[in-house]
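The block underneath contains the structure these notes are about, expressed in structure tokens.
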Amino acid sequence: LKISYVNEIANFCETVGADIEDVAKGMGMDERIGNKFLKAGIGYGGSCFPKDTKALHWLGNYYDKEFKTIKAAIEVNDNQKLKLIKKARQYYSSLEGLTVAVLGLTFKPGTNDLREAPSIINVGILLDDGAAVKAYDPVAEAEFDRLYPGKIKYCESPEQALEEADLCMIFTEWEEIKNLAPQAFCNKMKKPVILDGRNCFQIKELETELSETDRMLAQTEESIISCRNTIKGYEMRLESREKAYADIKEELDGLRLDTGAKKRRVQILKELENNMEGFSHSVKAVMSQAETGLLRGICGPVSKLITVEREY
């Protein structure tokens, strides 16, 4: 009951812009409530809570005694498990063709238990909608593969799962996932949209760390402008040198020369041509190095924006 209640409060916090962790901390200070089971997330799972609440609900109905609070707790938990999918549809009208990184498969860390795990229903929806799923879980790969044999790519690390992903969903708060640096999402994903179903990350802390990325991006943009100006200057020099070569060739071709002079003209033109080829090669090499080394090497990793949503 407390888990579903705090999840309902968390959903309301999301609506009004409050921080559920601050609210839960305040609630937990009341000794009549306590601070146990006030961790908001995408619903409970495992073998105990789902089984016990459903059994009690069924038993009440059997004896014509409806437990309204138990019924509400079950309904809230079932809806809570679909929060990430609903959020994902706000960013993408269709999931077909997307690559989705799923971090964590078990219902909680420290176990390979998949019973009533929120990941199960969500991964099923992703696959049905045509998404490609890359999953990381340190212990549950074999168990989960029995549910969706051959349909999921399993990764050896969270970072590997994030590579080229359009979307990231976090279902289990494993330490390996909680220890991910914000830059891992920026550098690895195509579009860093992170749906954190277990509140592994603090939004304020992420914003502070990502402000450094914004600063780097601003510096990179300045470097790109400078680089492009340099390239433009080399292009103008190359164009000017090519025009000078053409003018000299035209002038020499128009002169009436004796045999010796003609030989010298051929030699001069050959030297000019070699000089022109060398200069052109050097300029193009510098331009290529600037384009690939600066624009792709520096701008690429830091130019991606990151969207982080904590789910409750």
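Note that the structure is a prediction, hence the values are computed from the model and not measured. Along the sequence shown, residues are numbered consecutively beginning with 1.
Judged purely by atom type and a 3.5 angstrom limit, Q160 uses its side chain to pair as donor or acceptor with the backbone of E156. Of the possible donor and acceptor atoms, one in the side chain of D196 sits under 3.5 Å from a partner among the backbone N and O of F201. At distances below 3.5 Å, at least one donor-acceptor pair connects side-chain atoms of N11 with backbone N or O atoms of N7. At distances below 3.5 Å, not a single donor-acceptor pair connects side-chain atoms of T172 with backbone N or O atoms of W174. D166 places a side-chain N or O within 3.5 Å of a backbone atom of T99 that can act as its donor or acceptor partner. Checking side-chain atoms of D137 against main-chain N and O of E141 turns up no donor-acceptor pair under 3.5 Å.
Residues I170 and I177 form a side-chain contact, since some pair of their non-hydrogen atoms from C-beta on lies under 4.5 Å apart. Between K39 and V6 the shortest side-chain heavy-atom distance does not fall below 4.5 Å. Between C168 and V193, the closest side-chain pair of non-hydrogen atoms is not below 4.5 Å. Contact annotation: the side chain of M169 approaches that of L126 to within less than 4.5 Å [non-hydrogen atoms, C-beta and beyond]. Looking only at side-chain heavy atoms (C-beta outward), K134 and V100 stay at 4.5 Å or farther from each other. Contact check for P118 versus R198: side-chain heavy atoms found under the 4.5 Å cut-off. Annotation: side chain of K151 is not in contact with side chain of D145 (no heavy-atom distance under 4.5 Å). Residues T106 and D113 fail the side-chain proximity criterion, which asks for heavy atoms closer than 4.5 Å.
Taking CD of E159 as the start and OG of S157 as the end, the distance is 4.5 Å to the nearest 0.5 Å. Note that CD of E96 and CG of D129 are 8.5 Å apart. Values are rounded to the nearest 0.5 Å. The distance from atom CD1 of I70 to atom CG of N61, rounded to the nearest 0.5 Å, is 11.5 Å. For the atom pair K65 NZ and K68 NZ, the distance stands at 8.5 Å (nearest 0.5 Å). The structure places NZ of K178 at 10.5 Å from CG of N199, a figure rounded to the nearest 0.5 Å. Separating the CG atom in L162 from the CG atom in L103 is a distance of 5.5 Å, to the nearest 0.5 Å.
A continuous path of Ile, Leu, Val, Met, Phe, Trp and Tyr side chains, each step under 4.5 Å between heavy atoms, connects V133 with I120, placing both in one hydrophobic cluster. Transitive grouping of hydrophobic side chains (ILVMFWY, heavy atoms separated by less than 4.5 Å) brings I74 and F49 into a common cluster. In terms of hydrophobic clustering, with Ile, Leu, Val, Met, Phe, Trp and Tyr side chains grouped at heavy-atom distances under 4.5 Å, L82 and V123 are assigned to a common cluster. Using a 4.5 Å cut-off between side-chain heavy atoms of Ile, Leu, Val, Met, Phe, Trp and Tyr, with links allowed through other members, Y63 and W58 fall into the same hydrophobic cluster. Placement of L98 and I125 within a single hydrophobic cluster is found when ILVMFWY residues are connected by side-chain heavy-atom separations under 4.5 Å, directly or transitively.
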Y91 vs L195, side-chain contact (heavy atoms from CB on, under 4.5 Å): CA-CA, chis, key distance, verdict: CA-CA 11 Å; Y91 292 98; L195 303 182; 4.1 Å; yes
Candidate pair E143 and L114, rule side-chain contact (heavy atoms from CB on, under 4.5 Å), full reasoning: CA-CA 8 Å; E143 294 293 327; L114 294 171; 3.5 Å; yes
Evaluation steps, salt bridge (charged side-chain N to carboxylate O under 4.0 Å, His left out), between K51 and E116: CA-CA 9 Å; K51 171 178 61 66; E116 300 286 342; over 6 Å; no
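Between P50 and G45, the closest heavy-atom pair is CD-O, 3.6 Å. Contact between L105 and Y154 at its shortest, heavy atoms only, is CD1-CE2, 4.1 Å. Annotation for A165 and M189: closest pair O-CB, 3.4 Å, computed over non-hydrogen atoms. Taking every heavy atom of both residues into account, P192 and C186 meet most closely at CG-CA, 4.0 Å. Summarising the geometry of I152 relative to A135, their closest heavy-atom pair is CG2-CB, 3.8 Å, with the distance given to 0.1 Å. The shortest non-hydrogen separation linking A161 to C155 is CA-SG, 3.6 Å.
The aromatic rings of F144 and Y148 sit tilted, their planes meeting at an angle between 30° and 60°.
Remark: of the listed residues L84, N77, N79, I85, N77 is the sole one forming a side-chain contact (heavy atoms from CB on, under 4.5 Å) with K81.
Under 4.0 Å is where a charged nitrogen must lie from a carboxylate oxygen, and between E14 and K83 at least one such pair does. Under the 4.0 Å criterion applied to side-chain N and carboxylate O atoms, E164 and K191 are not assigned as salt-bridge partners. Ionic pairing of E163 and K188 is present here: one or more N-O contacts between side-chain nitrogen and carboxylate oxygen are shorter than 4.0 angstrom. Salt bridge annotation for E66-K71: present, with a cationic side-chain nitrogen under 4.0 angstrom from a carboxylate oxygen. Ion pairing between D19 and K25 fails under the 4.0 Å rule for side-chain N and carboxylate O.
Y5 and F37 have their aromatic ring centers separated by at least 6.0 angstrom. For F171 and Y136, the ring centers are positioned 6.0 Å apart or more.
No cation-pi contact links K108 to Y44, judged by a cut-off of 6.0 Å to the six-membered ring centre and 45° from its axis.
Other residues, nucleotides and ligands contribute over 12 non-hydrogen atoms within 6.0 Å of the NZ atom of K2.
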